[in-house]
Amino acid sequence: MSVVTRFAPSPTGYLHIGGARTALFNWLFARHHGGKFLLRIEDTDRARSTPAAIQAILDGMRWLGLDWDEPETYQSARAERHAEVAYKLLEQGRAYRCYASKEELEEMRQKARAEGRPIRYDGRWRDRDPAEAPADVTPVVRIKMPLEGETVIEDRVQGQVTVNNEQLDDMVLLRADGSPTYMLSVVVDDHDMGVTHVIRGDDHLTNAFRQYQLYRAMDWEPPVFAHIPLIHGPDGAKMSKRHGAVGLEAYREQGYLPEALRNYLLRLGWGHGDVEIISTEEAVRLFDLDGVGRSAARFDFDKLANFNGHYIREAEDSRLTEDVTQRLESRLGRSVTAEERGRLLRGMDGLKQRAKTLVELAENAEFYVARPQALTPKAAKQLDDDARGRLARLQVRLDGLDDWSETAIEEAVRRFAEDEDLKLGKVAQPLRAALTGSTVSPGIFEVMAVLGRTETLARLAAQAAPAEA
RNA sequence: GUCCCCAUCGUCUAGAGGCCUAGGACUCCGCUCUUUCAAGGCGGCAACACGGGUUCGAAUCCCGUUGGGGACGCCA
């Protein structure tokens, strides 16, 4: 049997981090087994689903590199088929019309809560004669759940999970307006789409019992269920706005690389021995449900940042330059010239060793594009009168340098330091401050080479003491 | 309240009865390299929630307690 998995987000918010991981696991599982990965938008909540949210999901999936195999399905387009299934159940006597009003149901719940009883529909119309139906209530269709026995699910992650059938009430399949409920829709869609493995968040575990019974009522073979634990925020509570990034696009803006997020998300709740850094190709090869843990995981931005730094270091300079250029342009409010872009590209290798996010990378790269406006406090400290005098003398030396290669520059500066009987740091730090406006940067000789002779000398002149008398 | 699930360093995890004086990664702290900062290398702090069993032997199996999470909609 070929594997078919699916990711079925509801477009009521945005694609959040938990959803992204669920999507990733489904994608990996399908790819690992050479099966299909499908995307289904559960937009049946007409009131809350928005086009913007659908777009955010699609964009997020693409950005994360999770490609789906067929055009995505929109659940709302399949309402007729869902209803058809419900009517069939009705014909077979496996479902019935319920005329209980909303007020009546609310009262039922209140009472149950007050008496400390389970909050469930009591099946009052299950065997009642439809002739008794009130004329002013349009009925809903409810499924007849088994009254006794138990429902057992062999969950691929949680193991054997059992519930007493008394716990399962007769859920609504079709609303009064004839539209299908989520419970009906998922089951019908998963069945019709040929989904073999339902991999989803833990929060659906109790739904699985109900859905399992629906499959049985239709005489369909239930899929394999795998309920993966939820992701919590650093404080142990459910991930929410308070925890910073909400939608996937926020992670993108904050400068995380998709491959880094993929790797990090993979390691949240899945393990394979001691390996931490796992390329996507490797992940496809190694991933299986056996490695999925059963307890909830907390999201740790520090570790994500660490992974991100790793992938930034591994990324192509041209790709990083492209991204950084865009970030700098919006930061500077002007376009980056070809020459400046060339500096970014040449300086990228040195730059990328020192950044954990693309935002940081762009910040650190800014001096290559724009002359430092204000010195950082520490940099200002480096440029005392002594240092400025030193720079002036160095400037003269550099001015006469024919070969502007990194090695030639280094040689010249080192010799200068020797001649002045100074440690290299005494020359390098003021130099760094003058050239970058900061005390932190890539290797200073590399910076000089990348900046070029003209620009370097110009920046030096701006900070050096006026020529000695 | 009822039901379901979970429980190893601060965090993510390895561990499927003896290999565990519990391993790795992130964080933090030293040292090292060094023109700064990173990265790297070396070292350090730090955990089997608790109580009962089962067994020659339990982090690993069973039961309970505690703690955490989730679900109880004509939302998905």
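Chain naming here is simple, since letters A, B, ... match the order of the sequence lines and numbering starts at 1 in each. Just so it is clear, the structure is predicted and the values come from calculations on it, not from any experiment.
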Heavy-atom contacts, protein to nucleotides 30-38 of chain B, under 4.0 Å, summarised as B (base), S (sugar-phosphate only) or - (none) per nt, yield -----BBBB
Which residues pass the side-chain contact (heavy atoms from CB on, under 4.5 Å) test with A:V172, sequence neighbours left out? A:V140, A:R142, A:T181
Roughly how many Å apart are B:C29 and B:A71, using the P atom of each and rounding to a whole number? 39 Å
Could you go through the ring-ring contact (aromatic ring centres under 6.0 Å, His included) check for A:Y264 and A:F299 one step at a time? CA-CA 10 Å; A:Y264 177 67; A:F299 198 89; 5.1 Å; yes
Please indicate whether A:E148 has more than 12 foreign heavy atoms, meaning atoms of other residues, nucleotides or ligands, lying under 6.0 Å from its CD. no
Who is the Watson-Crick or G-U wobble partner of B:C20, with both distances under 3.5 Å? none
Separation of atom CZ in A:R120 from atom P in B:G1, rounded to whole Å: 15 Å
Residue matched to B:C42 through Watson-Crick or wobble contacts both under 3.5 angstrom: B:G30
For the pair A:R313 and A:Q353, evaluate side chain to side chain donor-acceptor pair (under 3.5 Å) and give the outcome as yes or no after the intermediate values. CA-CA 6 Å; A:R313 271 173 257 130; A:Q353 308 299 330; 4.9 Å; no
Does atom CZ of A:R216 have more than 12 heavy-atom neighbours, drawn from other residues, nucleotides or ligands, at distances under 6.0 Å? yes
B:A47 and B:C31, which share atom name P, separated by this distance in whole Å: 24 Å
Any donor-acceptor N or O pair under 3.5 Å, side chains A:H227, A:D155: yes
Using only heavy-atom distances, determine whether the side chains of A:R294 and A:Q158 contain a donor-acceptor pair under 3.5 Å. no
Have a look at A:H204 and say if it touches a base, only the backbone sugar-phosphate, or nothing, with a 4.0 Å heavy-atom cut-off. base
Rounded to whole Å, how long is the line connecting atom OH of A:Y121 with atom P of B:C72? 18 Å
Relative to the 5' end of RNA chain B, which residue comes earlier, A:L105 or A:E115, by the nucleotide with the nearest heavy atom? A:E115
Look at all strands and tell whether A:A297 reaches a base, only sugar-phosphate, or nothing, counting heavy atoms closer than 4.0 Å. sugar-phosphate
Assign A:A208 to base, sugar-phosphate, or nothing according to its heavy-atom contacts below 4.0 angstrom with the strands shown. nothing
Would you classify A:R210 as touching base, sugar-phosphate or nothing, given that sugar-phosphate means primed atoms plus P, OP1 and OP2, and contacts are heavy atoms under 4.0 Å? nothing
Set out, in order, the CA-CA distance, both residues' side-chain angles and the distance that settles side chain to side chain donor-acceptor pair (under 3.5 Å) for A:T22 and A:R200, then state yes or no. CA-CA 6 Å; A:T22 301; A:R200 82 238 286 198; over 6 Å; no
Is there a donor-acceptor contact under 3.5 Å linking the side chains of A:Y368 and A:E366? no
Whole-Å C1' distance, B:G40 and B:A59: 34 Å
Select base, sugar-phosphate, or nothing to describe what A:D155 touches, counting heavy atoms under 4.0 Å on all strands. nothing
Nucleotides 47-50 of chain B: which of its N/O atoms have a protein N/O under 3.5 Å away?
none

Whole-Å distance separating the CZ atom of A:F301 from the P atom of B:C12: 14 Å
Atom pair distance, as rounded to whole Å: CG in A:D300 and P in B:C26: 11 Å
Rounded distance in Å between the C1' positions of B:G1 and B:U8: 33 Å
Count the heavy atoms of every other residue, nucleotide or ligand shown that sit under 6.0 Å from CD of A:E104, and state whether that count exceeds 12. yes
Would you mind classifying the nucleic acid contact of A:L230 as base, sugar-phosphate or nothing, using non-hydrogen atoms under 4.0 angstrom? sugar-phosphate
Using the P atom as the reference point in each nucleotide, state the distance between B:A14 and B:G23 in Å, no decimals. 15 Å
Can you tell me the distance, in whole Å, between the OH atom of A:Y182 and the P atom of B:C72? 10 Å
Which is true for A:G269 with a 4.0 Å heavy-atom rule: it touches a base, it touches only sugar-phosphate, or it touches nothing? sugar-phosphate
What about the rings of A:W270 and A:F287, do their centers lie closer together than 6.0 Å? yes
Carefully, step by step, assess A:Q213 and A:Y215 under the rule side chain to side chain donor-acceptor pair (under 3.5 Å). CA-CA 5 Å; A:Q213 287 301 153; A:Y215 277 96; over 6 Å; no
In whole angstroms, the gap separating C1' of B:C72 from CD of A:E166 amounts to 16 Å
Give every pair of a protein N or O atom and an N or O atom of nucleotides 22-25 of chain B that lie under 3.5 Å apart, one pair per line with the distance.
residue: B:G23; atom: N2; partner: A:D274; partner atom: OD1; Å: 3.1
residue: B:G24; atom: N2; partner: A:E276; partner atom: OE2; Å: 2.7
residue: B:A25; atom: O4'; partner: A:E276; partner atom: OE2; Å: 3.4
residue: B:A25; atom: N3; partner: A:K303; partner atom: NZ; Å: 3.1

For A:H204 and A:Y182, take the angle between the two ring planes, folded into 0 to 90°, and tell me which bin it lands in: parallel under 30, tilted 30 to 60, perpendicular over 60. tilted
In whole angstrom, give the distance that lies between atom CD1 of A:I153 and atom P of B:G70. 20 Å
Mate of B:C50 across any strand shown (Watson-Crick or G-U wobble, both atom pairs under 3.5 Å) is B:G64
Tabulate atom names and distances for all N/O pairs under 3.5 angstrom spanning the protein and nucleotides 4-8 of chain B.
residue: B:C5; atom: O3'; partner: A:Q158; partner atom: OE1; Å: 3.4
residue: B:C5; atom: O2'; partner: A:Q158; partner atom: OE1; Å: 3.1

Nearest 0.5 angstrom please: A:F367 CZ to A:T436 OG1, how far? 6.0 Å
Watson-Crick or G-U wobble partner of B:G1, both distances under 3.5 Å: B:C72
Residue closer to the 5' end of RNA chain B, A:R117 versus A:M183 (nearest nucleotide): A:R117
Using atom C1' of each nucleotide, how far apart are B:A39 and B:U34 to the nearest Å? 12 Å
Taking B:G17 as the reference, what is the distance to B:A58 when you measure between their P atoms (whole Å, please)? 14 Å
Would you say a side-chain N or O of A:T181 is under 4.0 Å from OP1 or OP2 of B:C74? no
Can you check the A:R109 CZ to B:C3 P distance for me, whole Å? 19 Å
Contacts of type side-chain contact (heavy atoms from CB on, under 4.5 Å), residue A:V359, not counting sequence neighbours: A:R327, A:T357, A:E363
Option from A:V85, A:D189, A:I143 for which side chain to side chain contact (heavy atoms under 4.5 Å, CB included) with A:L184 holds: A:V85
